[in-house]
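Contents: one structure, followed by commentary.
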Amino acid sequence: MSDYSDITVEKRQPGTLLITLNRPEARNALRTHLLSEIAAVLSDAEQDDMVTCVIITGGEKVFAAGADVKEMAEHNAVSLWRDERPRHWKSIREFSKPIIAAVNGFCLGGGFELAMHADIIIAGSNAQFGQPEINLGIIPGAGGTQRLVRTVGKSLAMKMILSGEFISADEALTAGIAAEITQPENTLRRAEKLAATIAKKSPIALKVAKQAILNAYETSLEQGLDNERKAFLFLAATEDRNEGIAAFMEKRSPKFTGN
Ligand code: CAA
């Protein structure tokens with residue numbers, strides 16, 4: 001799994017795939033090729049039963065400084081309209097297994113939007129989150145205006161997007177962007193530990209749980225509760241549900257198969 005130029009991909013522990021953004025010379029700016037590599041890896045991982053959970057990281061110093069501004073400079077409205085990037089974002093958005101973003105350092109613009117595509121963000125204490133697109137005379141273009149406001153509410157989303165100011169890891173934790181903060185040298189280790197815990201669960205229950213939570217963004221409470229009930233009933237028909245309950249009764253660890 002080493003045929004990539006802008007990322008590295010490793011199976012580090014059972015059930016977990018680690019994607020590391022690897023353009024340190026450009027602060028991991030998300031040029032189109034990098035995004036296409038993430039989308040391709042996730043497309044393979046979707047079909048791979050050995051992958052239960054994915055971690056995306058940028059390393060200890062920087063997560064990603066956003067879209068590649070030098071690449072963006074080459075675009076006009078028509079070329080952007082034909083751009084392949086929305087297709088790659090869609091692949092990331094539609095990936096059905098859990099994604100953890102392990103974020104150290106700058107997490108900006110499209111980089112922040114990538115982190116918000118993840119299901120859980122573990123932040124190093126040196127993380128800085130921002131949507132600085134306004135400084136370039138543009139706005140976030142990969143879901144930032146929509147995901148941020150749903151996560152942190154109107155006032156903070158407006159402040160970040162209208163001013164371009166960054167927020168710290170502490171503020172991100174308080175605002176519900178990050179699930180946890182660690183020392184930067186522990187961010188990946190903590191993400192791997194969490195991924196290992198998740199990877200032991202029923203793959204089918206994980207997918208259903210992820211979808212049920214993401215559905216909450218799309219629906220009314222009543223509709224969401226109805227969706228949850230249907231998903232709950234669906235899981236009652238799975239072997240993993242029987243195995244999970246049997247293992248509890250027999251005081252042993254469950255052996256989930258995803259069936
Ligand atoms: N695109 C392309 N190259 C970038 C980049 C980016 N987003 N961010 C950094 N780089 C490059 C710099 O041009 C520089 O390259 P050279 O050595 O060739 O000059 C190199 O990375 C190092 O950058 P700095 O010297 O600026 O590093 P720093 O540590 O002093 O600062 C930073 C880091 C705060 C992230 C700063 O580089 C910065 O502000 N970057 C731009 C952030 C930004 O505006 N992001 C939003 C992009 S637009 C977007 O994301 C829209 C979207 O998704 C739709």
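Remember, it's 1-based here, ligands and their atoms both numbered in the order they're listed. Side chains are part of it too, since the values below use all heavy atoms of this structure and drop only hydrogens, waters and symmetry mates.
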Using a distance threshold of 4.0 Å (strictly less than), state whether atom 1 (N) of ligand 1 has a protein heavy-atom neighbour. yes

Output the list of atoms in ligand 1 that are nearer than 4.0 Å to some heavy atom of D68, sorted by atom number. 1 (N), 2 (C)

Identify the closest protein heavy atom to atom 39 (O) of ligand 1: which residue and atom is it, and at what distance? L108 CD1, 4.7 Å

Among all protein heavy atoms, pick the one closest to atom 11 (C) of ligand 1 and tell me residue, atom and distance. A26 CA, 3.9 Å

Ligand 1 atoms nearer than 4.0 angstrom to some heavy atom of G66 are 50 (O)

Is the contact between E113 and ligand 1 made by the side chain, the backbone, both, or neither, using heavy atoms and a 4.0 Å cut-off? side chain

Using a 4.0 Å heavy-atom cut-off, say whether A65 meets ligand 1 through its side chain, its backbone, both or neither. both

Around atom CD of E228, are there more than 12 heavy atoms of other residues, nucleotides or ligands at under 6.0 Å? no

Quick one: does any side-chain atom of D68 pair with a main-chain N or O of A29 as donor and acceptor, under 3.5 Å? no

Indicate whether the side chain of N259 and that of T257 have a donor and an acceptor atom separated by less than 3.5 Å. yes

Taking only heavy atoms of G110, which atoms of ligand 1 are found under 4.0 Å from at least one of them? 49 (C), 50 (O), 53 (O)

Under-4.0 Å heavy-atom contact between protein and atom 45 (N) of ligand 1: yes

Kindly compute the distance separating CD1 (I19) from CD1 (I38), expressed to the nearest 0.5 Å. 6.0 Å

Using a 4.0 Å heavy-atom threshold (strictly under), name the region of N135 that reaches ligand 1: side chain, backbone, both or neither. neither

Examine the side chains of T187 and T182 and answer whether a donor and an acceptor come within less than 3.5 Å of each other. yes

Backbone, side chain, both or neither: what part of V69 comes under 4.0 angstrom of ligand 1, heavy atoms only? both

Any idea which protein heavy atom is nearest atom 54 (C) of ligand 1, and the distance to it? G141 N, 3.4 Å

Students should be able to answer this: which protein heavy-atom is nearest to atom 7 (N) of ligand 1, and at what distance? A67 O, 2.9 Å

Nearest-option assignment for atom 22 (C) of ligand 1, heavy atoms, candidates R31, R23, R27, Q128: R27

Using only heavy-atom distances, determine whether the side chains of T32 and R85 contain a donor-acceptor pair under 3.5 Å. yes

closest protein heavy atom to atom 20 (C) of ligand 1 is E25 O, 3.4 Å

Taking the side chain from Q128 and the backbone from I167, do they hold a donor-acceptor pair closer than 3.5 Å? no

Minimum-distance protein heavy atom relative to atom 31 (O) of ligand 1: F106 CE1, 4.3 Å

Go through the steps for N28 and K61 under the test side chain to side chain contact (heavy atoms under 4.5 Å, CB included), then give the verdict. CA-CA 10 Å; N28 292 335; K61 296 206 174 109; over 6 Å; no

Just checking, any donor-acceptor pair under 3.5 angstrom between side chains of Q13 and T16? yes

Take a 6.0 Å sphere around CG of N76 and say whether it holds more than 12 heavy atoms from other residues, nucleotides or ligands. yes

What do you reckon, is CD of E222 surrounded by more than 12 foreign heavy atoms closer than 6.0 Å? no

Protein heavy atom at shortest distance from atom 19 (O) of ligand 1: K70 NZ, 4.3 Å

Distance, nearest 0.5 Å, that separates NE2 of H33 from CD of E84: 10.0 Å

Counting only heavy atoms on the protein side, is anything nearer than 4.0 Å to atom 27 (O) of ligand 1? yes

Under-4.0 Å heavy-atom contact between protein and atom 42 (C) of ligand 1: yes

Pull out every atom of ligand 1 sitting under 4.0 Å from any heavy atom of G109, numbered as shown with elements. 50 (O)

